[in-house]
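Single-structure report; data block below.
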Amino acid sequence: MAAQRRFQTVKGMHDLGGWKASAFVFVEEKAREVFSLYGYDEVRTPIVEETELFVRGVGEGSEIVGKQMYTFDDKKGRSLTLRPEGTAPVARAYLQNNWASGPQPVKVFYMGPYFRYERPQEGRYRQFHQIGAELIGDPGPYSDVELLVMLVRFLQELGFEDLEVGLNSVGDVECRKRYSQRLREYLAPYRDELGADSRRRLETNPLRILDTKAPRERELLENAPRLFDDLGGRAHDHFQEVREQLVQADVAHRIEDKLVRGLDYYTRTVFEITSTALGAQNAILGGGRYDGLIAELGGPSVPGIGFAIGQDRLVDLVLKIPGARQRLNAEAHRRRPVCVIPIGGSYRRHGMELAQELRAAGIPAICEFDSLRPLKARLKQAARHDCRWVVLFGEEEEKNREVVLRDFQDRSQETIPRDGFAAAVAAKIRPDEQP
RNA sequence: GUGGAUGUAGCUCAACUGGCAGAGCGCUUGAUUGUGGUUCAAGUGGUUGGGGGUUCAAGUCCCCUCAUCCACCCCA
C-alpha cells in the first residue's frame with residue numbers, strides 16, 4: 001500500500017476562513033451597496049475564456065499574456081485560459097450579448113477569482129480576487145470622474161480616510177506613438193546604463209520604462225521628455241477636464257506623470273491607489289480608460305473605462321483599520337446561534353425540533369446532539385461555538401412542558417413554557433427587534 | 001524565471017560542540033450521577049516535510065527533493 005499523502009492547496013492558492021472570510025463578505029456587500037447606488041448592475045462571466053480573448057484584449061506584449069496565464073487545451077484541442085483579469089471578458093460579454101442595444105452607457109460590476117501564474121509573495125497569489133466595474137459607451141470626461149467618485153465613496157464606506165488617487169493620462173494611440181519615439185531618442189545615448197528589461201522595452205514598449213524602480217533609471221528619467229507635453233489636443237482637453245472636475249467633486253488625487261499601466265489597452269485616463277501598509281505589492285486598485293478595446297475585439301469603436309480592486313489586499317488593509325474587527329465582530333455577534341442541548345439519548349429528536357422552531361422564528365440555532373458526553377462538556381462546546389444562549393431539554397422539562405433557557409453572560413437561567421417558546425426566546429434575546 | 005530565509009505534537013516554539021524528542025497552549029476525562037469560562041488532578045498527543053548519505057549513534061553534519069514565507073520581476 002502506498003503511504004497516504006497529505007493533500008494541500010496548490011501553490012499560491014489558499015483557503016479562506018475566519019476573519020478573512022468575514023472581511024471578504026463585508027467588502028463584497030459594501031461594493032454591491034455602493035455600486036448599485038451609481039446605477040451599476042452585477043454581472044458574472046465565466047472563469048474560463050478562449051485564450052485568444054486575452055491575447056487580443058490584454059495585449060501580446062504584456063507580462064500577463066507573455067508568461068502569467070493558466071492556459072490549457074480542452075478535450076477538443078481548443079486553447080482555453082483561466083481569466084487573468086476582468087475587463088476583456090466584460091468587453092466580450094458586451095459584444096456577445098449586444099449590450100449596445102440596451103440603455104447607454106452600460107454600467108456593470110463584478111467580483112470573483114482570477115488567476116496568474118507567478119511566484120507567490122505577500123499580497124500576490126496565483127488565485128486572487130478582484131472587485132471591478134466597467135462603464136462602456138461614454139467617452140467622458142464626466143464618466144471618468146463619476147467612476148472615481150464612486151470608487152472613493154466605496155473606500156470611505158469601508159473606513160479608509162486618507163487614500164489618494166494617483167492620476168495620469170497615457171494619451172491616445174497617436175500621442176503615445178509620438179511620445180514613445182521621443183523617449184526612445186532621449187534614452188538611446190544611455191542605452192548601456194539601462195537594465196536588460198528596460199533595454200528590451202526600448203524596442204517593444206518604451207512607456208513601460210517610465211515606472212521602473214531601478215534608481216539609476218529613475219535618475220535618467222528625471223530629465224526625460226514628459227508624456228504630458230505630447231498629449232494631442234483632444235486627449236489634453238480630456239485630461240484637463242477630468243482634473244478640474246475631480247477638484248470640484250473633492251476627490252483627493254495627485255498627478256503622477258510616470259504612471260503607466262501594464263495592460264496594453266489603456267488610453268487617456270489611467271489611475272491607481274497604493275498603500276504603504278502592504279509590503280512590496282502595494283497596489284490596491286488600478287484602472288483606466290480603454291477606448292480601443294471593444295474595436296480590438298472585433299466590435300464597433302466604443303469607449304470604455306473601468307477599474308479593478310485587489311480584494312485580497314483590500315481585505316488585508318480593512319483588517320488593519322482601527323475598529324474594523326469590532327465592526328465585523330458586531331455583525332458576527334448578531335448572528336451567534338442559540339445552542340439547543342437535549343439531555344439524554346431519547347431527547348435528541350426533541351432537540352432537533354426545538355432548533356427547528358427557533359430557526360423558523362428567525363433565530364440562528366445549533367443543536368448539540370452528542371448526548372453520550374457529559375453535560376458539562378456539551379455546555380463547553382456551546383461556549384466554544386460562541387453561543388450566549390442555551391436551551392436545555394430533558395426528562396424533567398418534558399414532564400413539565402417547559403424548556404430551560406440559560407444565559408451564559410450572567411449565568412442566569414429560567415424555565416419558559418414549551419409551547420411557543422421560540423417567540424419567548426426571540427423576545428428575550430432581541431428585545432429591540434420586537435414589534 | 002532569479003535570490004534569501006524557514007520546515008520538530010492541532011497551534012507557538014525548545015533540544016549545548018551529533019548522545020533516550022521536550023515545554024506551554026489546546027484537546028479528552030474526573031473533582032460536580034443535569035449546568036460552560038476559574039482552579040486542581042490524570043490522560044491524549046510525533047514517520048522531527050520526504051528520500052538518500054556519513055557515523056557505533058543524526059532533529060542536529062552532507063547531497064537531493066518538496067512545501068511555505070519574503071524579495072526581485074510584474075501587478076490587483
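Reminder, nothing fancy here: chain letters follow the sequence lines and each chain counts from 1. Note that the structure is predicted; figures quoted are calculated from it, not measured.
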**OP:** Figure out the CD/C1' separation between E368(A) and rG36(B), and round it to whole Å.
**Re:**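 From E368(A) CD to rG36(B) C1': 12 Å.
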
Scan [X] against the nucleic acid and name what it touches under 4.0 Å (heavy atoms): base, sugar-phosphate only, or nothing.
X: E63(A); result: sugar-phosphate
X: A382(A); result: nothing
X: R83(A); result: nothing
X: G132(A); result: nothing

**OP:** Any salt bridge (charged side-chain N to carboxylate O under 4.0 Å, His left out) involving residues 411-425 of chain A? Give me the pairs, sequence neighbours left out, ordered by first then second residue.
**Re:**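 Passing the test, one end in residues 411-425 of chain A: E357(A)-R418(A), R401(A)-D419(A), E414(A)-K428(A).
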
Distance between the [atom1] atoms of [N] and [M], in whole angstroms?
N: rG34(B); M: rU47(B); atom1: P; answer: 37 Å
N: rC20(B); M: rG59(B); atom1: P; answer: 10 Å
N: rU8(B); M: rG30(B); atom1: P; answer: 34 Å
N: rU60(B); M: rG1(B); atom1: C1'; answer: 34 Å

Original post:
Reading nucleotides 25-35 of chain B 5' to 3', which nucleotides get B (base under 4.0 Å from a protein heavy atom), which S (sugar-phosphate only), which -?
Top reply: --SSSSB--BB

**OP:** For R83(A) and P113(A), indicate whether the former's side chain and the latter's backbone hold a donor-acceptor pair under 3.5 Å.
**Re:**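 Yes: the side chain of R83(A) pairs with the backbone of P113(A).
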
Original post:
Do R378(A) side-chain atoms and E368(A) backbone N/O form a donor-acceptor pair below 3.5 Å?
Top reply: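 Judged by distance alone, yes, a pair lies under 3.5 Å.
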
**OP:** May I ask you to verify whether the side chain of R116(A) and the base of rC74(B) hold a donor-acceptor pair under 3.5 Å?
**Re:**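 Counting by modelled atom types and ignoring angles, no donor-acceptor contact under 3.5 Å is found here.
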
Original post:
Below 3.5 Å, does any donor atom in the side chain of R124(A) face an acceptor in the base of rC73(B), or the other way round?
Top reply: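 By the distance-only test, yes, there is a pair.
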
Subject >> Salt bridge R201(A)-E63(A), side-chain N to carboxylate O under 4.0 Å >> reply: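 Salt bridge present between R201(A) and E63(A).
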
Original post:
Which is it for E33(A) and K30(A) under the salt bridge (charged side-chain N to carboxylate O under 4.0 Å, His left out) test, yes or no, and what are the steps along the way?
Top reply: CA-CA 5 Å; E33(A) 181 187 318; K30(A) 198 54 90 176; 3.7 Å; yes

Subject >> Strand RNA chain B as a dot-bracket string - pairs counted if Watson-Crick or G-U with both distances under 3.5 Å, | where the partner lies in another strand >> reply: (((((((..((((.....[..))))((((((.......))))))....(((((..]....))))))))))))....

Original post:
Given Y110(A), which of R44(A), E134(A), E42(A), Q130(A) fulfils the side chain to side chain donor-acceptor pair (under 3.5 Å) condition?
Top reply: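 Filter result, single survivor: E134(A).
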
Subject >> Contact residues, residues 309-319 of chain A to RNA chain B [heavy atom, < 4.0 Å] >> reply: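 Per residue number, the list reads G310(A), R313(A).
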
Subject >> Pairing residues for R243(A) by the salt bridge (charged side-chain N to carboxylate O under 4.0 Å, His left out) criterion, not counting sequence neighbours >> reply: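 By the salt bridge (charged side-chain N to carboxylate O under 4.0 Å, His left out) rule, R243(A) matches no residue at all.
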
Between the protein and nucleotides 67-69 of chain B, which nitrogen or oxygen pairs come in under 3.5 angstrom?
| unit_1 | atom_1 | unit_2 | atom_2 | d |
| --- | --- | --- | --- | --- |
| rA67(B) | O3' | Q8(A) | NE2 | 3.3 |
| rA67(B) | O2' | Q8(A) | NE2 | 3.4 |
| rU68(B) | OP2 | K11(A) | NZ | 3.2 |

Subject >> Residue of the set R124(A), R126(A), K67(A) for which salt bridge (Lys or Arg N to Asp or Glu O under 4.0 Å) holds with E118(A) >> reply: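 So, applying the salt bridge (Lys or Arg N to Asp or Glu O under 4.0 Å) to E118(A) and each of R124(A), R126(A), K67(A), only R124(A) qualifies.
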
